Amino acid sequence: TNIRSKLTESFHNLSVDIFQMDYNNELWITSALRFFIMEDVMIEKKYTEMLHVEADNLLYGKLTSILPILRDKYNGLAATPLTDKKFFVTASVLWIPNLDSLVKFNKYLYDIASNKENYLEYVHWLRQYACCKQGGIDPDIHGKGIKPFAINEMSMLAYYHVKSANNLIFLPVLPNHNYIKSRYIVDVSEYSPGGKEVGPATGSGIWDPNSWGQYIGGTHNRRGSNIGFTDSTHIIGQAIRTNTCKLEMICDNKTIYQPIESSQLVSINALADSN
């Protein structure tokens with residue numbers, strides 16, 4: 001984009017020392033940089049709100065139908081929680097209710113990149129979830145540190161929620177259901193509409209941080225050959241595994257797509273990410 005502020009350029013330059021390269025690509029840099037570009041676009045185009053949806057998402061339904069709900073019920077940024085311990089949150093979908101909310105978040109990101117004290121505070125919080133790798137980031141006396149790729153915009157979104165839950169609200173990622181509870185997993189029902197971990201229901205739909213898409217189409221590193229994939233650390237993965245959830249795509253009252261067989265159907269109306 002040609003709309004690029006000095007702040008965005010500065011963050012880009014600082015990011016080189018924060019994020020790891022991904023096979024010579026700036027995946028993790030650009031994943032965080034996009035929030036600054038969104039701010040630039042909102043200012044340039046005088047947008048008062050924005051709904052960011054990643055390009056590889058599949059949308060089942062009209063986004064315009066839920067805008068009144070988002071405007072009324074979600075006064076802060078809203079994103080999709082991914083992992084059970086809430087240390088990864090994706091911007092698969094990111095609701096931005098106003099420019100100020102995004103400016104505040106970007107200031108938080110910039111402070112991490114530009115201030116060592118803020119960076120170490122974030123890293124020390126992340127360590128409990130993303131340790132350990134020999135030679136990793138911020139190593140201990142044994143030389144073990146944080147896995148490098150855990151330093152990313154997903155964990156930064158998660159830490160922002162920890163610091164100020166009202167400024168970053170979680171969107172529902174599971175449908176309402178009487179989910180099985182176990183001491184070995186989180187109470188996944190709290191991530192369905194009305195749950196304590198998420199904001200209000202957004203119509204009849206739920207949102208996908210990437211887990212539903214992986215279940216439908218497999219993962220990118222297996223080129224989709226592992227359809228039906230679930231991750232045991234994902235909120236949705238735990239729900240699928242313990243409740244034998246199944247997805248169906250229905251057109252004209254006929255099932256036209258069904259990834260795998262299972263014994264019980266939990267009806268899903270999802271906005272799905274195919275990554």
Side-chain angles (χ1 to χ4, degrees), residues 22 27 31 51-66 70 78-86 88-95 149 152-154 157 170-180 185-186 188-193 195 197-199 201-275:
D22 184 54
L27 171 63
S31 292
L51 183 61
H52 163 68
V53 182
E54 291 182 349
D56 57 353
N57 280 25
L58 303 176
L59 302 179
Y60 304 101
K62 295 180 180 180
L63 290 177
T64 52
S65 67
I66 59 172
L70 293 174
T80 47
L82 178 64
T83 51
D84 57 347
K85 292 183 172 59
K86 299 183 289 186
F88 276 174
V89 176
T90 76
S92 171
V93 174
L94 179 69
W95 165 243
F149 291 131
N152 58 42
E153 92 289 358
M154 294 182 288
L157 278 162
F170 290 159
L171 292 163
V173 295
L174 288 167
N176 284 317
H177 180 66
N178 186 24
Y179 292 101
I180 295 171
I185 62 170
V186 298
V188 297
S189 65
E190 300 294 3
Y191 295 89
S192 63
E197 295 287 352
V198 299
T202 53
S204 60
I206 51 117
W207 305 88
D208 182 24
N210 89 354
S211 311
W212 289 118
Q214 289 181 339
Y215 182 72
I216 294 170
T219 59
H220 71 281
N221 60 336
R222 294 285 296 276
R223 298 188 178 183
S225 63
N226 56 341
I227 289 174
F229 172 84
T230 57
D231 188 316
S232 63
T233 68
H234 290 190
I235 297 160
I236 294 167
Q238 292 182 2
I240 292 173
R241 290 184 178 198
T242 57
N243 294 271
T244 56
C245 298
K246 181 176 65 174
L247 276 152
E248 289 185 331
M249 183 179 289
I250 301 174
C251 294
D252 296 327
N253 295 319
K254 295 179 181 179
T255 299
I256 63 171
Y257 183 76
Q258 189 172 321
I260 58 174
E261 293 294 331
S262 64
S263 60
Q264 179 183 356
L265 172 65
V266 176
S267 179
I268 306 297
N269 177 12
L271 303 181
D273 181 343
S274 59
N275 244 354

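Not measured: the values here are computed from a predicted model.
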Calculate, to the nearest 0.5 Å, the distance between atoms [atom1] and [atom2] belonging to [X] and [Y] respectively.
X    : Y    : atom1 : atom2 : result
Y215 : N226 : OH    : CG    : 12.5 Å
L174 : Y179 : CG    : OH    : 4.0 Å
K86  : E197 : NZ    : CD    : 3.5 Å

[X]: what forms a side-chain hydrogen bond (donor to acceptor under 3.5 Å, both in side chains) with it, not counting sequence neighbours?
X    : value
T233 : D231
N178 : none
T83  : none

Minimum side-chain heavy-atom gap [X]-[Y] below 4.5 Å:
X    : Y    : value
L157 : T90  : no
W95  : L171 : no
H177 : S192 : no

Ignoring hydrogens and angles, tell me if any N or O in the side chain of D208 forms a donor-acceptor pair with the backbone of G213 under 3.5 Å.
yes
Check whether any side-chain N or O of N243 sits under 3.5 Å from a backbone N or O of I180 as a donor-acceptor pair, and report yes or no.
yes
So, using side chain to side chain contact (heavy atoms under 4.5 Å, CB included) as the criterion, who are the partners of [X] when residues are at least two apart?
X    : answer
L27  : D22, S31
I185 : S182, Q238, T242
V173 : T80, P81, Y191, P209, I235, I236

Which atom names give the shortest non-hydrogen contact between [X] and [Y], and what distance separates them?
X    : Y    : value
N176 : P193 : OD1-O, 2.9 Å
G199 : P172 : O-CG, 3.9 Å
S211 : L82  : OG-CD1, 3.5 Å

All ring-ring contact (aromatic ring centres under 6.0 Å, His included) counterparts of F170, not counting sequence neighbours
H161
Stepwise side chain to side chain donor-acceptor pair (under 3.5 Å) test for N210 and S92
CA-CA 7 Å; N210 89 354; S92 171; over 6 Å; no
